[in-house]
*Asks:* 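Below are the structure tokens for one structure; questions will follow.
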Amino acid sequence: MSVDGFLQRLRSEGRIVVVGASLAGLRAAETLRAEGFTGTLTLIGDEPYEPYDRPPLSKQVLLGRASAEHTALPRRRAIDAEWRLGVPATGLDMAAKRVRLADGDEVPYDRLLIATGVRARPWPNEAEAGLDGVFVLRTRDDAVALQRRLAEEPRRVFVIGAGFTGSEIASACHERGLPVTVAERGDAPLVGALGGVVGRVAAELQREHGVDLRTGVMVTRLEGDSAGRVRAAHLSDGSEVEADVVVVSLGATRNTEWLAGSGLGAGPRGIACDAGCRAFDIRGIVTDDIFVAGDVARSPHPLFGYQFLSLEHWGNAVSQAEIAAHNMLSDSVDRRPHMWVPAFWSSQFGVSIKSVGVPSMGTEILIAQGALAERRFTGVYGYQGRVIGAVTFDQTRWLEFYQHLIETTAPFPPPFPTVDRRSDGQRPLPADFPDPSVPTHGPTVTLSGYSPADRRITFTPGRH
Amino acid sequence: MTQASLLRQIIDYSNRPNPYPLYAELRNTPVVREPDGAYVVSTYWEIESLLHDPRVSSDARNLSVPPTDDLSEPEAQSALPPSFIRLDPPEHDRLRRMANRSFGPPHSPRRINDMRGELAEIVTGLIDGIGDTSRFDLVDQFSYPFPVTVICRLLGVPREDEPRFRTWVDTLVTGLDPRRGDDEAERNRVSNEARTQLGMYLAGLVEERRKKPGDDMLSQLTTGTHGADGSMTTIEVITTSVLLLIAGHETTVNLITNGMLTLLRHPEVLQRLREDPAYSVPIVEELLRYEPPVQLLPNRTVLTDVDICGVTIPKGASLWLVVASGNRDPKRFSDPETFDPDRGDIQHLGFGSGIHSCFGAPLARLEAQLALSELARRLDNPRLLEDPPEYRQSAVLRGPRHLALACDGIRP
């Protein structure tokens, strides 16, 4: 049997299973049909909803301007799929080519696409996380619950973590006229993604809008009242903030547990795959029939030193899903690499923030256009003499140019004048990212010494 | 045939009805240097990247060579300073932002949509007024009066003053037209004179609005404050409203006329539109690609040497971006010479791109959608009496001067 014959049969009567019924899963399914796949297509999702869009959840939905029920993703075409919604996948048998479901069913496949994404990292103390009034924000249900509570006009909202989601939640609270406190263990909001120079702008932005922003602190404990409702948060600086709503925004965890023991190269950091979205098994061998796409995938990127990048970006999910779907149905020479340049956007406190490349790899930043003081600027990140990332605050229309500089490994600092000659930026500044070698999460323990006899334990307290 | 002569042919009036074969030839060399030192860019990706390139300036003061006859810059020597279309950041951003406050989101998100009923009424009135259905001129009776009425209402300019400002606007638009060989100095003088006259006329209106503001844009520009941006000076209000008044109708008239012409050449599309007015949305997008009212942008320059497609465009050189050619670049669009409203992928350059992308795009889209769907619905068996029709002079703002039509009657 020739490979060609196999592909032909796969296209006409094969079985393709997509685990993860969200943006990446849906776009992959549409691409499969668009490319002529006429076999059986099954979409498995742990939530009971058809694929929906997440960006509105932390913005319009929290503001009460859009309802979470109306966030269903627009369909590009009919996909004629068998939907298994509300049933999580619980296991994978690679040898038998079957996906196990929570209801005991098993679904056989010829090609599998894993797009299970990420979930919100919960508050680590389960008892405290279970208090009434403690929320995370990732799913449609999360957004509905939080929106409902915000509509009851709590006296104060407490947000743990000032990354993008946390900052957007704070912005929504501000816009609803609710007092809000944000606690961030770093020195400024967004500091992990964009560095201290831009983080300080974000901090001013929050404070000017009346946000009670506490930086350099950690939350040590959430306290409930006798009825089991959250009433206060205790901070590492000894202070206490009374709040009746707490939103935990501590980033995301990858949904890979269901693959434990399957032999697939899946772990807490995602599922490793090649540039063509084919998953690796634990032996480092690329699989032929298992593909990954979206937030759960980790793939090597030549522009960024072949690092395995895992991107929680909307555009990445779409592009990777399209590539994975195409490659599933293609001969090796017709496969395409996923070479998406990372890009994301956020909108908070009336400012539109967009970024391309990997700013967090940058060691320096140049404000190439606009001015930090006006909060309308383009920041370009440099790494070892080349442009590696860029961010704009309310200057989106220039971003494409800087993306091109990143794609062509242009020199940093850029050697040319721009139309905006007033810019702060004839000179690069240190980008001021937190030192990755300094523990920020909290106290850690390190071991030193070689022999069991002289091994010493060193305790490093948290930074603050 | 040399490349230089291609651009001459494009500008030559005799090729106005169909410049597209010339654009196709032009694209064989994506970046061409003209004998006078100007650079002509004709392919989609190159134009698109230059429109987003912060080394490309719209400010005529950055040209190393003063504008020549090709590039007459009436605004450069005018008594009035340039409007934001001819400025760079941060001045451009500030003025455009302030103008946008009374036009679009986030401060006036519904302004354009709220005009829907009013626009429909104007359209109905104009179609009702078509007297002789055996022969009428779509331009004079519909495509021109419609957007003029709309921009006058939006800005708060009395519609009955139209004959006055039409003379000045016509002169100004003629001044924009790149032609070779005529008396450049005289043309600039006439253009400047017209722009000053138009400015003085608008200054009078500004004075009235200052005393007695209405809910029109002119009043809002005059009396509004814009947060950190402060408020517009009187001169800024005048330059901005000159721009909006001209750009608000000189382009839409062509979009509507080009649109009707194209539909009559594609009866199956016209028929589908007659049955489904919502089809006007993709039709207008495809028109903006296929027959864009603004064919080329001749007013940019580079602040430093810029390499593109293996050519170095030297600092201060003037730059012509032929957007209508980019819109038919086969490297960007499949089957680009076909008018196909059903194409899924349509990121055209009809409204430009980057910070100068068309300010009035939402209004132009709505006007054209309403106009074409109503014309399709109400004209019974419309026919072209002349094909190709007589074109306007301008190679930049290209469109028919007259479009002679006939139909069997006007449906209610």
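Reminder, nothing fancy here: chain letters follow the sequence lines and each chain counts from 1. Hydrogens, waters and symmetry mates are skipped; everything else that's a heavy atom, side chains included, is used.
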*Asks:* Using a cut-off of 6.0 Å, state whether more than 12 heavy atoms not belonging to B:F333 lie near its atom CZ.
*Replies:*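 For B:F333, atom CZ is crowded (more than 12 foreign heavy atoms under 6.0 Å).
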*Asks:* So which part of B:S57 gets closer than 4.5 Å to some heavy atom of chain A, the side chain, the backbone, both or neither?
*Replies:*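 Both the backbone and the side chain of B:S57 come within 4.5 Å of chain A.
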*Asks:* List the atom of A:F416, the atom of B:T304, and the distance in Å for their closest heavy-atom pair.
*Replies:*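 For A:F416 versus B:T304, the nearest heavy atoms are CB-CG2, 3.9 Å.
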*Asks:* Using 0.5 Å steps for rounding, measure from the CG atom of B:D93 to the CG atom of A:D420.
*Replies:*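 Interatomic distance, B:D93 CG to A:D420 CG, rounded to 0.5 Å: 7.0 Å.
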*Asks:* Determine whether the side chains of B:S357 and A:R397 contain a donor N or O and an acceptor N or O closer than 3.5 Å.
*Replies:*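 On atom types as modelled, these side chains qualify, holding a pair under 3.5 Å.
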*Asks:* More than 12 foreign heavy atoms under 6.0 Å from CD of A:E407: is that the case here?
*Replies:*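 Correct, the count exceeds 12.
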*Asks:* side-chain contact (heavy atoms from CB on, under 4.5 Å) with A:V419: which of B:D53, B:L303, B:L87, B:I355?
*Replies:*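 The residue from B:D53, B:L303, B:L87, B:I355 that satisfies side-chain contact (heavy atoms from CB on, under 4.5 Å) with A:V419 turns out to be B:L303.
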*Asks:* To check you understand the geometry: which heavy-atom pair defines the closest contact between A:F401 and B:H52, and what is its length?
*Replies:*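 Closest approach of A:F401 to B:H52, heavy atoms only: CB-O, 3.0 Å.
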*Asks:* With a 4.5 angstrom heavy-atom cut-off, which part of B:D305 approaches chain A: side chain, backbone, both or neither?
*Replies:*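 Interface part for B:D305: neither.
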*Asks:* At a 4.5 Å cut-off on heavy atoms, which part of B:V56 comes close to chain A: side chain, backbone, both, or neither?
*Replies:*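 Backbone of B:V56 only, per the 4.5 Å heavy-atom cut-off to chain A.
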*Asks:* Is B:D59 in contact with chain A via its backbone, its side chain, both, or neither, using a 4.5 Å heavy-atom distance?
*Replies:*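 B:D59 has no heavy atom closer than 4.5 Å to chain A.
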*Asks:* Are there over 12 heavy-atom neighbours, none belonging to A:R207, within less than 6.0 Å of that residue's CZ?
*Replies:*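 Atom CZ in A:R207 is packed in, count exceeds 12.
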*Asks:* For A:E374, is it the side chain, the backbone, both, or neither that has a heavy atom closer than 4.5 Å to a heavy atom of chain B?
*Replies:*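 For A:E374, neither part sits under 4.5 Å from chain B.
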*Asks:* Tell me, side chain or backbone of B:E91 under 4.5 Å from chain A's heavy atoms, or both, or neither?
*Replies:*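 For B:E91, neither part sits under 4.5 Å from chain A.
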*Asks:* Examine whether an atom of A:R376 lies under 4.5 Å from a heavy atom of chain B, and if so say whether it belongs to the side chain, the backbone or both; otherwise answer neither.
*Replies:*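 The side chain, not the backbone.
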